[in-house]
Structure formats: C-alpha cells, structure tokens
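Contents: one structure, followed by commentary.
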Amino acid sequence: MAEEKKVKKDHGKWFREMRSELMKVVWPSAKTTAKNTGTVLLCSLGVGACIWIFDGVAVLAVKTLVGLFTH
C-alpha cells in the first residue's frame, strides 16, 4: 500500500485566492436588497397564513370526528 504524502497547507495562498474570488462578486444594491427582503417577508407571511388556515381546518375536522364517535 502506498504511503500518503502529507501536503503542507499554504494558508496565505488560500486567503489570496479567497480575496480574489470575493473581488469578482457583484454585490446587490441597497434597493435590490430591500426589495428581496420585502419579497421574502411577504412570502413568509403568505405561507404562514396558509399553514394557520390548514391547521384550523384540521383541528375542526378532528374535533368533529371525535364528537361523532363519543355520542
């Protein structure tokens, strides 16, 4: 079985490459960030409302079924 060579880690190179990649990133503007945040909040509220309504209907259905079988 061949012996594995231990590779010396060059942390400086890693940081230079990371900085180089971060310089390529196109960061969104404040307006775009605010718009995207609003969209996420609105969608979260919509999904939350759907879950809340479904939960209410499910609880009502279970109470109705339990009430039918207890009499």
Side-chain angles (χ1 to χ4, degrees):
M1 198 155 150
E3 291 183 27
E4 293 182 26
K5 293 182 181 179
K6 291 187 177 181
V7 178
K8 182 180 175 186
K9 295 183 180 179
D10 185 5
H11 296 295
K13 180 181 177 186
W14 185 83
F15 279 109
R16 284 190 302 276
E17 289 176 358
M18 180 182 65
R19 183 174 183 267
S20 172
E21 290 299 318
L22 284 174
M23 297 292 282
K24 298 176 187 176
V25 175
V26 178
W27 298 102
S29 66
K31 184 178 179 180
T32 304
T33 303
K35 183 178 177 182
N36 290 345
T37 301
T39 301
V40 169
L41 290 174
L42 187 62
C43 289
S44 297
L45 286 172
V47 169
C50 290
I51 291 172
W52 180 60
I53 291 168
F54 177 77
D55 181 58
V57 171
V59 167
L60 182 62
V62 169
K63 284 182 179 181
T64 302
L65 287 173
V66 169
L68 288 176
F69 293 114
T70 57
H71 288 110

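The residues of the chain are indexed from 1 along the displayed sequence. When reading the values below, keep in mind they use all heavy atoms of this one structure, side chains included, and skip hydrogens, waters and symmetry mates.
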- prompt: Mind checking what makes side chain to side chain donor-acceptor pair (under 3.5 Å) contact with T32, not counting sequence neighbours?
  reply: S29
task: Kindly compute the distance separating CG (N36) from CG (L41), expressed to the nearest 0.5 Å.
output: 11.0 Å
Return a table of donor-acceptor pairs under 3.5 angstrom between the side chains of residues 51-65 and protein atoms on other chains or two or more places apart.
residue	atom	partner	partner atom	Å
T64	OG1	L60	O	2.8

Side chain to side chain donor-acceptor pair (under 3.5 Å) partners for K24, two or more places apart: E21
task: Share the residues that join V25 in a hydrophobic cluster, the rule being Ile, Leu, Val, Met, Phe, Trp or Tyr side chains under 4.5 Å apart at the heavy-atom level.
output: W14, F15, M18, L22, W27
- prompt: Between S20 and R16, is there a donor-acceptor pair closer than 3.5 Å when you use the side chain of the first and the backbone of the second?
  reply: no
- prompt: T39: what forms a side chain to side chain contact (heavy atoms under 4.5 Å, CB included) with it, not counting sequence neighbours?
  reply: C43
